[in-house]
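By convention in this document, chain letters (A, B, ...) are assigned in the order of the sequence lines, proteins followed by strands, and residues within each chain are numbered from 1.
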Amino acid sequence: MKSFYEKCYAVLRKVPKGKVTTYKEIARALNSKAYRAVGTAMNKNPYAFPAARGRAGGDSLKSSDLVPCHRVINSNGELGGFASGLKNKIKLLKSEGVEISNNKIDLKKYFFRLR
DNA sequence: CTAATGACATTTG
DNA sequence: ACAAATGCCATTA
């Protein structure tokens, strides 16, 4: 049986490059209100991007299995946190074309609606 | 089983 | 607008 965390990852994988979603939205997609637990899931994310972990390739995970945890932000448009450093999160997002102004993201432009 | 922990969200001062 | 307090849920010790 799939754990709650794995469900989070499954949903998050739908978010395309250049878009972002929120912890709350993921919880809602799972018909739940456990956005707090979603944050924990991202923190423990075993499928993190190699680039996000500050290391080049070398792992055996397929890109289709990777979870874009850097595309998850707070519901108010702020960045939230990141296991391997918030700065890395910013860098990844910008490299995907997401504009970040004043440590915030315009949800009207970049929010990807689930479900 | 009970208590503690977070990459959150909302309400209140 | 900002900071603190409260509520929240799955996971882990």
Side-chain angles (χ1 to χ4, degrees):
Chain A
M1 164 177 181
K2 286 192 173 191
S3 70
F4 178 80
Y5 286 0
E6 291 177 46
K7 290 181 196 170
C8 294
Y9 305 143
V11 173
L12 182 51
R13 278 193 260 261
K14 295 181 188 168
V15 179
K17 170 176 110 168
K19 294 275 184 178
V20 299
T21 188
T22 68
Y23 299 98
K24 188 178 182 181
E25 181 67 11
I26 290 177
R28 214 191 52 181
L30 298 176
N31 213 25
S32 164
K33 292 175 175 86
Y35 35 78
R36 200 79 179 272
V38 173
T40 306
M42 298 307 107
N43 185 28
K44 306 269 175 61
N45 172 24
Y47 310 105
F49 275 38
R53 311 185 64 187
R55 331 169 83 260
D59 55 23
S60 51
L61 292 172
K62 296 185 196 164
S63 60
S64 58
D65 288 331
L66 296 180
V67 175
C69 42
H70 57 280
R71 297 186 192 137
V72 187
I73 64 176
N74 290 1
S75 61
N76 62 358
E78 292 181 15
L79 289 174
F82 203 60
S84 49
L86 193 54
K87 200 161 183 185
N88 244 325
K89 185 171 186 175
I90 295 173
K91 195 155 69 171
L92 279 166
L93 287 170
K94 291 194 98 176
S95 75
E96 294 185 342
V98 177
E99 284 188 51
I100 300 174
S101 59
N102 201 3
N103 264 2
K104 284 195 185 176
I105 293 177
D106 186 352
L107 289 175
K108 302 206 174 207
K109 283 186 180 178
Y110 301 108
F111 181 68
F112 181 78
R113 207 173 193 178
L114 298 165
R115 295 211 313 185

In residues 106-113 of chain A, which ones come under 4.0 Å of DNA chain B, going by heavy atoms?
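Those residues: none at all.
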
With a 4.0 Å heavy-atom cut-off, tell me which residues in residues 23-47 of chain A come close to DNA chain B, sorted by residue number.
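Result for residues 23-47 of chain A: A:Tyr23, A:Lys24, A:Tyr35, A:Arg36, A:Ala37, A:Gly39, A:Thr40, A:Met42, A:Asn43, sorted by number.
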
Can you give the first and last nucleotides of DNA chain B, 5' to 3', that have an atom under 4.0 Å from a heavy atom of chain A?
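The footprint of chain A covers B:dG6 to B:dT10.
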
Residue pairs, two or more places apart or on separate chains, that pass ring-ring contact (aromatic ring centres under 6.0 Å, His included) and touch residues 20-46 of chain A:
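Non-adjacent pairs meeting ring-ring contact (aromatic ring centres under 6.0 Å, His included): zero.
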
Under the ring-ring contact (aromatic ring centres under 6.0 Å, His included) rule, what pairs show up with a residue in residues 63-88 of chain A, not counting sequence neighbours?
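Checked against ring-ring contact (aromatic ring centres under 6.0 Å, His included) - neighbours excluded - the pairs reaching residues 63-88 of chain A are A:Phe49-A:His70.
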
Could you tell me the boundaries of the chain A footprint on DNA chain C, defined by atoms under 4.0 Å from its heavy atoms?
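So the outermost contacting nucleotides come out as C:dG7 to C:dT11.
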
Summary of salt bridge (charged side-chain N to carboxylate O under 4.0 Å, His left out) pairs that have at least one residue in residues 68-77 of chain A, sequence neighbours excluded
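Listed by first then second residue: A:Arg71-A:Glu96.
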
Neighbour count above 12 (heavy atom, 6.0 Å) for A:Arg113 CZ
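Count not over threshold, so no.
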
Counting only heavy atoms not in A:Lys19, do more than 12 fall under 6.0 Å of its NZ?
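Enclosed: over 12 neighbouring heavy atoms sit under 6.0 Å from NZ of A:Lys19.
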
Under the side-chain hydrogen bond (donor to acceptor under 3.5 Å, both in side chains) rule, collect the residues that match up with A:Arg28, sequence neighbours excluded.
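With neighbours one apart ignored, the set is A:Glu25.
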
Enumerate the residues from residues 1-10 of chain A whose closest heavy atom to DNA chain C is under 4.0 Å, giving them by residue number; use none for an empty result.
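Listed by number, they are A:Ser3, A:Phe4, A:Tyr5.
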
ring-ring contact (aromatic ring centres under 6.0 Å, His included) against A:Phe112, all qualifying residues, sequence neighbours excluded
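If we apply the ring-ring contact (aromatic ring centres under 6.0 Å, His included) test to A:Phe112, skipping adjacent residues, there are no hits.
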
Name the residue from A:Leu93, A:Leu12, A:Thr21 that meets the side chain to side chain contact (heavy atoms under 4.5 Å, CB included) definition with A:Pro68.
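It is A:Leu12; the other options fail the test.
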
Matching residue for A:Val67 among A:Val11, A:Val72, A:Asn45 - test: side chain to side chain contact (heavy atoms under 4.5 Å, CB included):
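When side chain to side chain contact (heavy atoms under 4.5 Å, CB included) is applied between A:Val67 and each of A:Val11, A:Val72, A:Asn45, only A:Asn45 qualifies.
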
For a quick test of your reading: what N or O donor-acceptor pairs under 3.5 Å do the side chains of residues 99-111 of chain A make, sequence neighbours left out?
| from | atom 1 | to | atom 2 | distance (Å) |
| --- | --- | --- | --- | --- |
| A:Asp106 | OD1 | A:Lys108 | N | 3.0 |
| A:Tyr110 | OH | A:Glu99 | N | 3.4 |

If hydrophobic clusters are built by linking Ile, Leu, Val, Met, Phe, Trp and Tyr wherever their side-chain heavy atoms come under 4.5 Å apart, do A:Val20 and A:Leu66 end up in the same one?
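No; A:Leu66 is not reachable from A:Val20 via cluster members.
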
Listed partners of A:Ala83 passing side chain to side chain contact (heavy atoms under 4.5 Å, CB included), at least two apart
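Counting only residues at least two positions away or on another chain, A:Ala83 forms a side chain to side chain contact (heavy atoms under 4.5 Å, CB included) with A:Asn43.
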
